[in-house]
Peer 1: 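Below you will find the structure I want to go over with you.
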Protein chains: 2
Amino acid sequence: MHHDEARTRLLDAADRLFYERGVQAVGMDELRAAAGVSLKRLYQCFPAKRELVEAYLRRRDERWRAALAEYVAAHAATPADRVLAVFDWLAEWFAGPGFRGCAFVNAYGELGAVSDGVAAAAHDHKYAVRGYTTGLAAALGAAEPEVLGGQLALLIDGAITTAALNGDPTAAHLARDAAAALLATATPAGS
Amino acid sequence: MHHDEARTRLLDAADRLFYERGVQAVGMDELRAAAGVSLKRLYQCFPAKRELVEAYLRRRDERWRAALAEYVAAHAATPADRVLAVFDWLAEWFAGPGFRGCAFVNAYGELGAVSDGVAAAAHDHKYAVRGYTTGLAAALGAAEPEVLGGQLALLIDGAITTAALNGDPTAAHLARDAAAALLATATPAGS
DNA sequence: TAGCCGCGAGAACGTGCGTTCTCTAGGATA
DNA sequence: TATCCTAGAGAACGCACGTTCTCGCGGCTA
């Protein structure tokens, strides 16, 4: 097996197992077995668990934001619809199998105090999401895009947390309605 | 030392250490030392770490919600001010020393998949907070108190997450402004 | 005073896990 | 064909930690 394929399989296994059960609940040997890779190869690809964890978060960040952006681009035509589509995408995610909240929040709770790399990955992810919503707000012609974008990010995080901890996927609808109300007050009428 | 005093000191130490560094990063012996209690006494009070963790969460839930309700009652006169005061309290919490996000979200990320007790404690906490905000919304005369209350809870969770992961205490102000906008659209004019 | 009880201190035990080491087999090369 | 390199399988190591056990001391009771 090639180095790159082993790396991909390890990241796939990490993405599933770390998200499903938490980082510390999954051992390197279980990961190795799930990926179908030898322990020696594992440590060639990721010399320590720390590095695997950070690579898992970095890749998940890219994929998560790409999936969101792709859905929004495909399902909405107007700037306002794009904002609302964000919450439609969340609704689908929440209702899907295996949803267990935000991987970055979870990892931060587990390791943020102890691992700078994890804390930085969580920070960067949230910062990037906020950048995305701020972009949507700017496209709307909002008076203060940073404010509206930040508020949309709050609603996203709140919905994820509520959906996970309360097991309530309808949090996405609640957040969508709140976002619509914020849009109405923060943008020039009729935009 | 009395049994009850040992229990209190253990819970005090747990509240500080578990919140500060995460549950799994703190060993029973370190906890014992921080509480100034013997290991034998520790296991008399809490026969397993699991039980100490759950007691920590239960007590923190009560104290957190009591502190919030007390602040709101003391700093706001009208129903609308009470809603906004929630976010003022959050702003103080975020800016205080040692803030590291929501203890329940953190514990859920760490152990929610593996411990039913932790998942239930997190659920119950969020459910209770939502009940509180729904009460505030009802006092406002909101057309749909459950909706507004739920949305306020989303903003609270979003603000906590953003403040923690982005290290940005001003998330409370953002959330406060968003709450004000929601109040304006969800309540009869002038209430 | 003699015996008993409960406590604190800390050693000890078992287990899980991150990481490294050993051994064996197979394929490429001269 | 002989040799070397690499990979896989899995044993081994070291450590951390949850939990239990041992020991010795101090205070109570008869």
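Note that these values count all heavy atoms, side chains included, but never hydrogens, waters or copies made by symmetry. Protein chains get the first letters and strands the later ones, always in sequence-line order, with residue 1 at the start of each.
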Peer 1: When you get a sec, tell me which of D:dA11, C:dG10, C:dC7 is the closest nucleotide to the side chain of B:Leu39?
Peer 2: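 For B:Leu39, the side-chain atoms sit closest to C:dG10.
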Peer 1: Which part of the nucleic acid, if any, lies within reach of B:Glu30 when heavy atoms closer than 4.0 Å are counted: base, sugar-phosphate only, or nothing?
Peer 2: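 If one applies the 4.0 Å heavy-atom cut-off, B:Glu30 turns out to touch nothing in the nucleic acid.
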Peer 1: To the nearest angstrom, how far is A:Leu42 atom CG from C:dT20 atom C1'?
Peer 2: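 About 13 Å, once rounded to whole Å.
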Peer 1: When you check the phosphate oxygens OP1 and OP2 of C:dC7, does a side-chain N or O of B:Gln44 lie under 4.0 Å from one of them?
Peer 2: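 So the side chain of B:Gln44 is within the cut-off, an N or O lying under 4.0 Å from OP1 or OP2 of C:dC7.
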Peer 1: Could you tell me how the ring of B:Trp93 sits relative to the ring of B:Trp64: parallel (under 30°), tilted (30 to 60°) or perpendicular (over 60°)?
Peer 2: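 The arrangement is perpendicular - the two ring planes meet at more than 60°.
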Peer 1: Of A:Met28 and A:Lys40, whose closest DNA chain C nucleotide lies nearer the 5' terminus?
Peer 2: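 This one resolves to A:Met28.
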Peer 1: In this structure, would A:Ile160 and B:Tyr127 fall into the same cluster of hydrophobic residues linked by side-chain contacts under 4.5 Å?
Peer 2: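 Different clusters.
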Peer 1: Write down the distance between CG (B:Leu31) and P (D:dG18), rounded to a whole number of angstrom.
Peer 2: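 Checked: the CG to P distance equals 9 Å.
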Peer 1: Could you state the NE2-P distance from A:His3 to D:dT6, rounded to the nearest angstrom?
Peer 2: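 Roughly 13 Å, once rounded to whole Å.
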Peer 1: Pair B:Asp124, B:Arg58 - check salt bridge (charged side-chain N to carboxylate O under 4.0 Å, His left out), show working.
Peer 2: CA-CA 9 Å; B:Asp124 294 349; B:Arg58 297 289 174 192; 3.0 Å; yes
Peer 1: Ignoring hydrogens and angles, does a donor from either the side chain of B:Lys49 or the base of D:dG18 sit under 3.5 Å from an acceptor on the other?
Peer 2: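 Checked by distance alone, the answer is no.
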Peer 1: Starting at CZ of A:Arg32 and ending at C1' of C:dT20, how long is that distance when rounded to a whole Å?
Peer 2: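 Atom CZ in A:Arg32 sits about 15 Å away from atom C1' in C:dT20.
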Peer 1: Can you tell me how far P of C:dG16 sits from CZ of A:Arg21, to the nearest Å?
Peer 2: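 Interatomic distance, CZ of A:Arg21 to P of C:dG16: 14 Å.
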Peer 1: Rounded to the nearest Å, what distance is computed from the CG atom of residue A:Leu17 to the C1' atom of nucleotide C:dC17?
Peer 2: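 Distance check: A:Leu17 CG to C:dC17 C1' gives 15 Å.
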Peer 1: Hey, which of these two, A:Phe46 or B:Ser38, hits DNA chain C nearer its 5' end, going by closest nucleotide?
Peer 2: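 That would be B:Ser38.
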Peer 1: Would you mind reading off the distance between A:His2 atom NE2 and D:dG8 atom P, rounded to a whole angstrom?
Peer 2: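 That distance rounds to 11 Å.
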Peer 1: Do the side chains of B:Asp61 and B:Arg65 get close enough for a salt bridge, i.e. N-O under 4.0 angstrom?
Peer 2: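 Between B:Arg65 and B:Asp61 there is a salt bridge, with a charged N closer than 4.0 Å to a carboxylate O.
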Peer 1: Nearest to the side chain of A:Tyr43 - D:dG8, D:dT19, C:dT19?
Peer 2: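 The answer is C:dT19.
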Peer 1: Using the benzene-type ring in the case of Trp, are the ring centres of B:His75 and B:Trp89 under 6.0 Å apart?
Peer 2: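 Ring-ring flag for B:His75/B:Trp89: false, centres at least 6.0 Å apart.
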Peer 1: For the pair made of CG in A:Asp29 and P in C:dT15, what is the distance, rounded to whole Å?
Peer 2: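 In whole Å, C:dT15 P lies 18 Å from A:Asp29 CG.
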